[in-house]
Amino acid sequence: MKYFYQFRQAWNKSLSLRIIATTFAVSTLLVTIIGLVLVNRVSSGILTSKESSSITEASSAINEAQRVVVATDTGAGAPTLSVVVDTAVTALAVRAGQSGLYDVLFLASPEISKQGLPERGTNLVSENSVNDELKSRVELTDKLLWSYTKIIYLDGRSVPGLVVGAPIKINNVGTYSLFLLFPLDKEEETIGIIRSSVLATGIFLIFGLLILVWYLTRSVLAPVRKTANAAERLRMGLLNERVPVSGEDDLAKLAGSFNSMAASIQQQIGQLEKMSRMQKRFVSDVSHELRTPLTTVRMAADVLYESRDQYTGETARAAELLSTQIERFEILLSQLLEISRFDAGAADLSLTSVNIKNVIEKTAESLSNLLARQETPVVITGHAPDIEMDQRRIERVLRNLISNASEYGAGKPIEVEIGSDDEAIAIVVRDKGSGLKPGESSLVFNRFWRADPARARTTGGTGLGLAIALEDARLHSGWLDAWGAPGKGTMFRLTLPRVAQTAITKSPLPLGTGEDEKLELDMSALQELFNVDTKSEMP
Amino acid sequence: MARVLVVDDDQALSEMLGIVLRAEGFDALFCDDGSKAQGIFNEAKPDLVLLDLMLPGIDGIEVCRKIRAESGVPIVMLTARGDTLDIVKGLESGADDYIVKPFKPKELVARIKARLRKEDPKSESLTIGDLSIDVIGHSVKRDEKEISLTPLEFDLLLALARKPWQVYTREQLLTDVWHYRNPADTRLVNVHIQRLRSKVEHDPENPEIVMTVRGVGYKAGP
């Protein structure tokens, strides 16, 4: 089982193994079939020709024997039966010649042999060479009969052979059976040689084919493998990776296409990198160029603001407006720069191992002035293990979520729940305020989107906070999603992977309240019921 | 009256800084070129330097290094970028603290005052490791040999030495030594602990006087 599994793995992984194994199986099958057919045809041809020549020889030999028997029988002096039999067998032996073309068995029929009649054979051939069935059939016929048999000699030898038999009538005695035994050992040997040559040729052919296929596979796969390796290195960021191109065949085309693809990717990446660098540079320059005068203006505004008591009403108010709006401008500027840093891909993470509960508590603490002003308590429940994160960014996300919640929470407690599972931790920030309208939960992360355009001017949000929060979450490979229902408040869920920068598949905490989902389910069940009813009423 | 040297090439900002500083009772001096900063510093002997990082001539980091080579006077950097690298470079070249533009005047003044604040020296003699600290004389000695520390480094060492049983978190040190109200950037602590160690430890790689407590902060050595 284990080996089978290993083989399955190797099979799936190695194209050359598959090709070679398939070639081996198919060529073995073909060579076997061809070999069998060939050997069969050749050996049956050899045997057929031997058979027909043997039968021709046999029929004339038997005629001769019959003639000798009749001549001896009717001749003067009336020789004994033994002499008749001896004469016939000798004549046949002479006919067969020294080479032993065939052996002869001259047997009395079973019913007369009991009387102790003479029987003869040549070259110590055994009577058992002819089976009983043939013997009995020969007695009853007057034609030639033949069959394949094993010629057995009295000294123990045996060779395959063809036996041809016919009855010989001897006057005053009865029927004798004459059998001519043609040994087939030469033919058998020839067939054996042909068989082994075919087998050797077949094995050689299969082996040669395998070597050829292996070589071809290798010469085709080597450039493919080379290209695959190059693609892998390209993926790892070695953009200078190219494949050598040789010749003009399909493989060369593959290498050529790969190279031009790599060049195009390299160029595109180079372009993007250049743009990103320019963007970073621009952001940094704008940042510096704007901030210095802004600092001066800021300080001047503060000086004016501090001494506003010395001015008349309207001028004092102007100083106030100047000061607050510069503050707003400053926040907007820094958020715009942050967003543009994200857009340029210039934002990077500085990870440290942090406990999220501490971060939430710290964030709530830093917002204590705001929370006290809105008279909104924050209730933190649950806990999660320490994970690696960019604390500054996560604090910024949480500050945004909590200050939003306090702003829209209508003074009701803000619930912050922490949860975790084996791949992620989650933080849900929930307020019990007026909530989002249907469809708004996907809009809240849009830049400069406001739930209530009229209201925004007074609360002073920039409309960029959640967009930045979403980017911060994404930078951690995390999620930030929103849920809300009119009158049920708003819920924001931040999900962060436990191992930094790995994808998450689900959040440990649900978004939305369980009861609402249940309500929705009930509603749809009712709906279904209603539909069924209306259908049944229809004619 | 404390004297503050403002090294910044932006005329308007320098003038504005002058207004704010004078309103707070400081005496302000100006320098708009990095290469002249050293000369003016030596001549005027200010009590504190406000240093812009981007300067014509030689840049702020170089100016900082040169001043620090000769004097322990507090240096506060003004930086336009929130760039991590610039801030760390500035701190490593010897700045005690930094403030990111645009800042509120009050915040700047608070930082300056924190750096200039002198506690009423009590007659105290402290030891930490094999060092003896003379609080009134503002000096640290090992085997009767004086080790030269900047005032900030001295305050850092003093804070650790005064409560040898206590493990200080970085935030606590920012509050106690830098007098921050909302401790924010703990890199300040890391950089200055490194600088302090390079002066007082036998082997800064294996500190015996300023010990790190993993995951918490720092404490005085045994």
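We name chains A, B, ... by the order of the sequence lines, and we start the count at 1 in each one. Please read all numbers here as calculations on a predicted model, not as lab measurements.
- Counting heavy atoms of neighbouring residues, nucleotides and ligands inside a 6.0 Å radius, atom NZ of B:Lys219 exceeds 12 of them.
- For B:Glu15, the CD atom sits in a loose shell: 12 or fewer heavy atoms of surrounding residues, nucleotides or ligands are nearer than 6.0 Å.
- Between A:Lys362 and B:Glu171 the shortest side-chain heavy-atom distance falls below 4.5 Å.
- Comparing B:Leu17, B:Asp8, B:Leu108, B:Ile19 by how many heavy-atom pairs each has under 4.5 Å with chain A, the most go to B:Leu17.
- Here the side chain of A:Arg291 pairs no donor or acceptor atom with the backbone of B:Pro102 at under 3.5 angstrom.
- Atom CZ of B:Arg187 is separated from atom OG of A:Ser350 by 7.5 Å, given to the nearest 0.5 angstrom.
- For A:Glu289, no part lies under 4.5 angstrom from a heavy atom of chain B.
- For NZ of B:Lys106, the number of neighbouring non-hydrogen atoms (other residues, nucleotides, ligands) closer than 6.0 Å is 12 at most.
- At most 12 heavy atoms of other shown residues, nucleotides or ligands fall within 6.0 angstrom of atom CD in A:Glu365.
- Between B:Met16 and A:Val303, the closest heavy-atom pair is CE-CG2, 3.6 Å.
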Test side-chain contact (heavy atoms from CB on, under 4.5 Å) on B:Lys101 and A:Thr292; report intermediate values, then the result. CA-CA 7 Å; B:Lys101 293 180 196 172; A:Thr292 303; 3.2 Å; yes
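- In A:Lys357, the NZ atom is crowded: over 12 heavy atoms of neighbouring residues, nucleotides or ligands sit closer than 6.0 Å.
- Across all non-hydrogen atoms, the minimal contact from A:Met299 to B:Phe103 is SD-CE1, 3.8 Å.
- Heavy atoms of other residues, nucleotides or ligands lying less than 6.0 angstrom from CD of B:Glu70 number more than 12.
- Using a 4.5 Å cut-off between heavy atoms, A:Glu306 touches chain B through its side chain atoms alone.
- Remark: B:Lys104 NZ to A:Ile326 CD1 distance equals 12.5 Å, nearest 0.5 Å.
- Neither the backbone nor the side chain of B:Leu78 comes within contact range of chain A, judged by heavy atoms closer than 4.5 Å.
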